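Throughout, protein chains are lettered first and strands after them, A, B, ... in sequence-line order, and every chain is numbered starting at 1. Just so it is clear, the structure is predicted and the values come from calculations on it, not from any experiment.
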Number of protein chains: 2
Amino acid sequence: MTPSTKEIDFQTLSRSLLDIAWSFGPKGLDSACCKDLGIAEFLALDDISRTIDYPVHQVGSTLGFTKSGATRIVNRLVTKGYVSKRTSGHDGRVCCLDVTDRGREILSEAYANYETILRRIFAGLDSTKRDALRESLIQFSTLLMQEGSQEGNR
Amino acid sequence: MTPSTKEIDFQTLSRSLLDIAWSFGPKGLDSACCKDLGIAEFLALDDISRTIDYPVHQVGSTLGFTKSGATRIVNRLVTKGYVSKRTSGHDGRVCCLDVTDRGREILSEAYANYETILRRIFAGLDSTKRDALRESLIQFSTLLMQEGSQEGNR
DNA sequence: TAAATTAGTTGACGACGTCAACCAATTGTG
DNA sequence: CACAATTGGTTGACGTCGTCAACTAATTTA
């Protein structure tokens, strides 16, 4: 039986998305761009840098880790000097995370590395195509995040 | 200093791509769609299923693993019954990998799962937008793969 | 023909994240 | 108000994953 065109499209798309994911993973750009940070650590550090009073458990719930796993990730960031901890004034149980200056540097460097590579990837496109592609990727990411949020509410 | 618009765009794009990657990783769709396969195992299984006489070392070089790492991945697929091994007739050192019927079933199920989720993600878009987005994602994946190939040649 | 190279494997081990138990702080209930 | 229940974070034990280095066997090279 020959798959219908529609089915082939979704398989190609799925595989393409998986390839994209793999390319940004530990074997791909993550190791090239993020120095000594795994992708989970990088995302956690980025989130922490954008939010005031970011608690440990938020690392876990945002990225899908257990409390214990969140602690491990946070402790690695602290050990590396990219994040510091302090107790929340509002709740004595809560441990708030702040990005350090060094952490901000690391983030900047990583984003600069990603930019360099993305510019290279887009180099063969005219600016209209490039912008369209960029918008699409951001749109898809937004749709994915929304889908993930809805999944979480089930 | 206020970042220029251009810099913000690449940072947003980078973060979006990382979010996409994370969404397809072990904490995201991979666990939802691929049963007992990690993303590396899934990609290896998919590659093996598309190629005749796929050797173990190809698993390593395609996905960025050492020989040893490739052996581990392959052995896990064999243990799960999704891949079988045989010695190549052309070269007694080489171990050729074949996908089993069970392996094909697993791939089909996983792709069906991805399709279901992608349909849901695209549900709010009209078909023109949907097709454009789909094309863009496949295009970006292709560009990424090409970039990765050039990197490999350096 | 022997040395060098290649394909694949294996033991040891470090990195990562889960589970379960634990402690302390806070919230909820009677 | 006192106590039970819940929440935030940590820690030891442990399983999974992939690397390194050493090894064996097959093939290629000089």
Close side-chain approach of A/Y54 and A/V99, heavy atoms under 4.5 Å: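 No, side chains not in contact.
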| said: Could you check whether any side-chain heavy atom of A/L43 comes within less than 4.5 Å of a side-chain heavy atom of A/I39, counting everything from C-beta outward? | reply: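 Side-chain contact under 4.5 Å: yes.
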Check: Are B/D47 and A/R15 ion-paired here, with the side-chain N under 4.0 Å from a carboxylate O?
Finding: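 Salt bridge between B/D47 and A/R15, a charged N being under 4.0 Å from a carboxylate O: yes.
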Is it true that A/E109 and A/K35 make a salt bridge, defined as a side-chain N closer than 4.0 Å to a carboxylate O?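 Answer for the salt bridge query: no.
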Notebook entry, point to check: Any donor-acceptor pair under 3.5 Å linking the side chain of B/T100 with the backbone of B/G81?
Noted result: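 Answer holds: yes.
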Can a donor-acceptor pair be found, under 3.5 Å and without considering hydrogens, that links the side chain of A/S31 to the backbone of A/G28?
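The answer is yes, because a donor-acceptor pair under 3.5 Å joins these two groups.
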Verify the neighbour count for atom CG of A/D101: are there more than 12 heavy atoms of other residues, nucleotides or ligands below 6.0 Å?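 12 or below, so no.
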Nucleotide by nucleotide, nucleotides 25-30 of chain D touches protein heavy atoms under 4.0 Å in the pattern (B base, S sugar-phosphate only, - none) -BS---
For atom [atom1] of [X] and atom [atom2] of [N], their distance in whole Å:
X	N	atom1	atom2	answer
B/Y54	C/dA7	OH	P	14 Å
B/H57	C/dT9	NE2	C1'	15 Å
B/W22	C/dG17	CH2	P	7 Å
B/L63	D/dC17	CG	P	15 Å
B/K27	C/dC16	NZ	P	14 Å
B/D36	D/dT16	CG	P	12 Å
A/Q58	D/dG8	CD	P	10 Å
B/F65	C/dT9	CZ	C1'	17 Å

Check residues 64-75 of chain A and write down every donor-acceptor pair under 3.5 Å in which the side-chain atom is one partner and the other belongs to a residue at least two apart or another chain.
residue : atom : partner : partner atom : Å
A/T66   : OG1  : A/G69   : N            : 3.0
A/T71   : OG1  : A/K67   : O            : 3.2
A/N75   : OD1  : A/K85   : NZ           : 2.9

TODO: Determine, using ring centers only, whether B/F42 and B/Y82 are less than 6.0 Å apart.
DONE: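 Centroid distance B/Y82-B/F42: not below 6.0 Å, so no.
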**Asked** Counting any heavy atom closer than 4.0 Å, what does B/P55 reach on the DNA or RNA strands: base, sugar-phosphate only, or nothing?
**Response**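 Result for B/P55 = sugar-phosphate.
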Residues from residues 67-83 of chain B lying under 4.0 Å of DNA chain D - heavy atoms |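 The stretch gives B/S68, B/G69, B/R72, B/I73, B/R76 as the residues lying under 4.0 Å from the strand, ordered by number.
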